[in-house]
*Asks:* 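Have a look at the structure that comes next, please.
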Amino acid sequence: MSELWSKMALRADPYVPGEQMDGKGIIKLNTNENPYPPSPHVAEAITQELDRKLNLYPSPTADSLRETIAAHHQLVSENIFVGNGSDEVLAFAFMAFFDPGKAIRFPAITYSFYPVYARLFDIPYETVPLDRDFSITTSSFFQSDGGVIFPNPNAPTGIYLELEHVADIAKNNAGRVAIIDEAYIDFAGESAVSLINTYDNLLVVQTMSKSRSLAGLRIGYALGNAKLIEALTRIKNSFNSYTLDRLAIVGAEAAIRDQQYFVQQVERIVQTREWVTKRLKQNGFTVLPSQANFIFASHYKLSAKLLYEKLKRNGVLVRYFDKPEIDNYLRITIGTDTAMTVFFEKLGAVIAELVKDGVHARV
């Protein structure tokens, strides 16, 4: 039936998410979800909302949530746009700020949804190689033709770009939008949100799926100059006025207000990340300096693909990318201390089996 497809459908090359397996005993470390539940106040707020107005549409502008997010970041609601997960917000941003006739730039190793959106919306793009240590060369993103986008920390490497370099990229792209995808910023350094009032071409995109444990509610948002937010709103209202439901709105507000719980959970994950990094190195892995809720690691002898397959057979899911330059790395989400202990038990058994069988060479 492909002869009935539009040109957009024909050129689409859809994003492939991490495997979703919910079997008993599965250790799931492949989709960068938070291993801990959200604030207890989230369930309370949702329960209360269930008894109210589910027969009525939610607010199309989600003003109460935008005000809550704005207050948290010391901005005003005109600086905030909310959507159904940060992936939707990013899709709207591609439509709002990037044009088919001008090439945009993003890193050659980065979030794999960017080329998907670029092809879908017929936007030309240039990929910028990373340095040998997988860091971003700031000047390579200066003076783009159509705009720039990159995650900070980057995905799947987890490497954080210091704020002064983000500012340089925004400053050297005057007249074009620079989108900073901060899905993992709460596990890292300072957010680029502090630069919004300095650079009117800077759009920061964040999510509540990672640090606030709300992947199941699908809440993303953008922060930027009011004119940028207006452009996103125009796109949204030309597509779907009601992108967030009532339960997501109240749940998100409750999560943001419980700052103490948020800080505690982020600290737990960061602490676990540090001991997991140390132990991986002891097990023969090179580990990139992650500031996210995952680790990117490569064994000095054994192929990542083989390790991924063996771990999967043993009930452990990690993420493997069959792509040049990173095809001998595994992305490992930080789970609970208990889950990571089991992970190391399974990993140790897999490595011992491969060594016993004489499998040493990486491929």
Side-chain angles (χ1 to χ4, degrees), residues 13-20 28-33 86-87 90 104-119 125-138 140-141 148-161 165 180-185 187-188 210 273 276-277 279-281 283-312 316-335 340 343 347 350-351 354 359-363:
D13 187 8
Y15 173 79
V16 179
E19 298 164 275
Q20 297 288 341
K28 193 169 179 290
L29 307 175
N30 67 327
T31 51
N32 296 344
E33 295 152 319
S86 61
D87 286 336
L90 289 169
I104 63 171
R105 288 183 201 162
F106 49 77
I109 299 171
T110 194
Y111 185 30
S112 51
F113 231 136
Y114 301 159
V116 170
Y117 287 142
R119 285 190 290 267
Y125 62 89
E126 303 166 351
T127 57
V128 180
L130 299 181
D131 288 343
R132 294 187 66 179
D133 63 356
F134 292 99
S135 62
I136 285 175
T137 302
T138 305
S140 297
F141 288 86
V148 302
I149 181 170
F150 62 91
N152 196 31
N154 196 9
T157 66
I159 295 176
Y160 172 74
L161 184 67
H165 300 302
I180 316 302
D181 184 355
E182 292 189 339
Y184 306 101
I185 194 63
F187 306 103
K210 314 300 181 184
R273 183 184 72 199
V276 167
T277 298
R279 190 160 172 185
L280 278 171
K281 290 178 179 178
N283 279 269
F285 284 85
T286 296
V287 184
L288 299 189
S290 173
Q291 292 198 47
N293 68 335
F294 59 83
I295 284 170
F296 208 48
S298 176
H299 196 273
Y300 79 108
K301 283 187 177 180
L302 302 173
S303 84
K305 184 176 182 180
L306 187 57
L307 287 171
Y308 155 75
E309 291 170 345
K310 289 285 188 179
L311 285 169
K312 183 177 178 180
V316 177
L317 292 178
V318 295
R319 194 77 191 268
Y320 171 69
F321 299 92
D322 191 7
K323 298 179 179 180
E325 298 185 75
I326 59 171
D327 58 356
N328 260 314
Y329 282 82
L330 297 175
R331 194 194 69 190
I332 305 161
T333 301
I334 300 301
M340 300 316 294
F343 162 74
L347 177 65
V350 164
I351 291 175
L354 292 173
V359 180
H360 297 286
R362 302 206 312 183
V363 295

*Asks:* Grab the two heavy atoms, one from Asp133 and one from Ile159, that are nearest each other, plus how far apart they are.
*Replies:*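 Here Asp133 and Ile159 meet closest at O-CD1, 3.5 Å.
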
*Asks:* Between Tyr125 and Pro115, is any pair of side-chain heavy atoms under 4.5 Å apart?
*Replies:* yes

*Asks:* Which pair of heavy atoms, one from Pro153 and one from Ala188, lies closest together, and at what distance?
*Replies:* CG-CB, 3.6 Å

*Asks:* Are the side chains of Phe294 and Ile332 in touch, meaning some heavy atoms are under 4.5 Å apart?
*Replies:* no

*Asks:* With no hydrogens and no angle check, is any side-chain donor or acceptor of Asn328 less than 3.5 Å from a backbone partner on Ser298?
*Replies:* no

*Asks:* Tell me if the CD atom of Glu309 is crowded by more than 12 foreign heavy atoms within 6.0 Å.
*Replies:*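 Yes.
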
*Asks:* Is there side-chain contact between Ile295 and Phe285, with at least one heavy-atom pair below 4.5 Å?
*Replies:* no

*Asks:* Once rounded to the nearest 0.5 Å, what's the spacing between atom CG of Asn152 and atom CD of Gln291?
*Replies:* 8.5 Å

*Asks:* Do Leu90 and Phe113 pass the side-chain contact (heavy atoms from CB on, under 4.5 Å) test, and can you show the C-alpha distance, the side-chain angles, and the key distance before you say yes or no?
*Replies:* CA-CA 9 Å; Leu90 289 169; Phe113 231 136; 5.9 Å; no

*Asks:* How are the rings of Tyr308 and Tyr320 set to each other: parallel, tilted or perpendicular (split at 30° and 60°)?
*Replies:*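 The rings of Tyr308 and Tyr320 lie parallel, inter-plane angle below 30°.
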
*Asks:* When you measure from the side chain of Arg273 to the backbone of Phe187, do you find a donor-acceptor pair of N or O atoms at a distance under 3.5 Å?
*Replies:* yes

*Asks:* If I compare all heavy atoms of Ser140 with all of Val128, which pair ends up nearest, and what's the gap?
*Replies:* CB-CG1, 3.3 Å

*Asks:* Closer than 3.5 angstrom, by distance alone: can the side chain of His299 be matched with the main-chain N or O of Leu330 as a donor-acceptor pair?
*Replies:* no

*Asks:* Quick one, Leu307 and Leu354 - any side-chain contact, counting heavy atoms below 4.5 Å?
*Replies:*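 Yes, close enough: below the 4.5 Å cut-off.
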
*Asks:* Assign the ring pair Tyr329 / Phe296 to parallel, tilted or perpendicular, where the plane angle (0 to 90°) is split at 30° and 60°.
*Replies:*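 If you compare the ring of Tyr329 with that of Phe296, the planes turn out parallel.
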
*Asks:* Centroid-to-centroid, Phe106 to Tyr117, below 6.0 Å?
*Replies:*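 Between Phe106 and Tyr117, the centre distance exceeds or equals 6.0 Å.
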
*Asks:* Enter the distance from Thr31:OG1 to Leu317:CG here, rounded to the nearest 0.5 Å.
*Replies:* 8.5 Å

*Asks:* Kindly compute the distance separating NZ (Lys312) from CG (Asn30), expressed to the nearest 0.5 Å.
*Replies:*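 Lys312 atom NZ to Asn30 atom CG measures 9.5 Å (nearest 0.5 Å).
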
*Asks:* Would you indicate whether the side-chain heavy atoms of Leu29 and Leu311 approach each other to under 4.5 Å?
*Replies:*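 No, every pair of side-chain atoms sits at 4.5 Å or beyond.
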
*Asks:* Which atoms form the tightest heavy-atom contact between Pro156 and Ile109, and what is the distance?
*Replies:* CD-CG2, 3.8 Å

*Asks:* When you check the side-chain N and O atoms of Thr333 and Asn293, is any donor under 3.5 Å from an acceptor?
*Replies:*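 Absent: no donor and acceptor within the cut-off.
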
*Asks:* Show the nearest heavy-atom pair for residues Ser290 and Ala292, with the distance to one decimal.
*Replies:*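 Looking at all heavy atoms of both residues, the shortest contact is OG-N, 3.1 Å.
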
*Asks:* I'd like to check Lys323 versus Ser112 (side-chain heavy atoms, cut-off strictly below 4.5 Å). Are they in contact?
*Replies:*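 Yes, their side chains come closer than 4.5 Å.
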
*Asks:* What pairs meet the salt bridge (Lys or Arg N to Asp or Glu O under 4.0 Å) rule with one or both residues in residues 104-117, with sequence neighbours excluded?
*Replies:*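 Qualifying pairs: Arg105-Glu126.
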
*Asks:* Aromatic ring centroids of Tyr114 and Tyr111 under 6.0 Å?
*Replies:* yes

*Asks:* Find out whether Ile136 and His165 are in side-chain contact, i.e. whether some heavy atom of one side chain is under 4.5 Å from a heavy atom of the other.
*Replies:*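 Sidechains of His165 and Ile136: no contact.
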
*Asks:* Could you check Asp181, Asn154, Thr127 and say which one makes a side-chain hydrogen bond (donor to acceptor under 3.5 Å, both in side chains) with Thr110?
*Replies:* Asn154

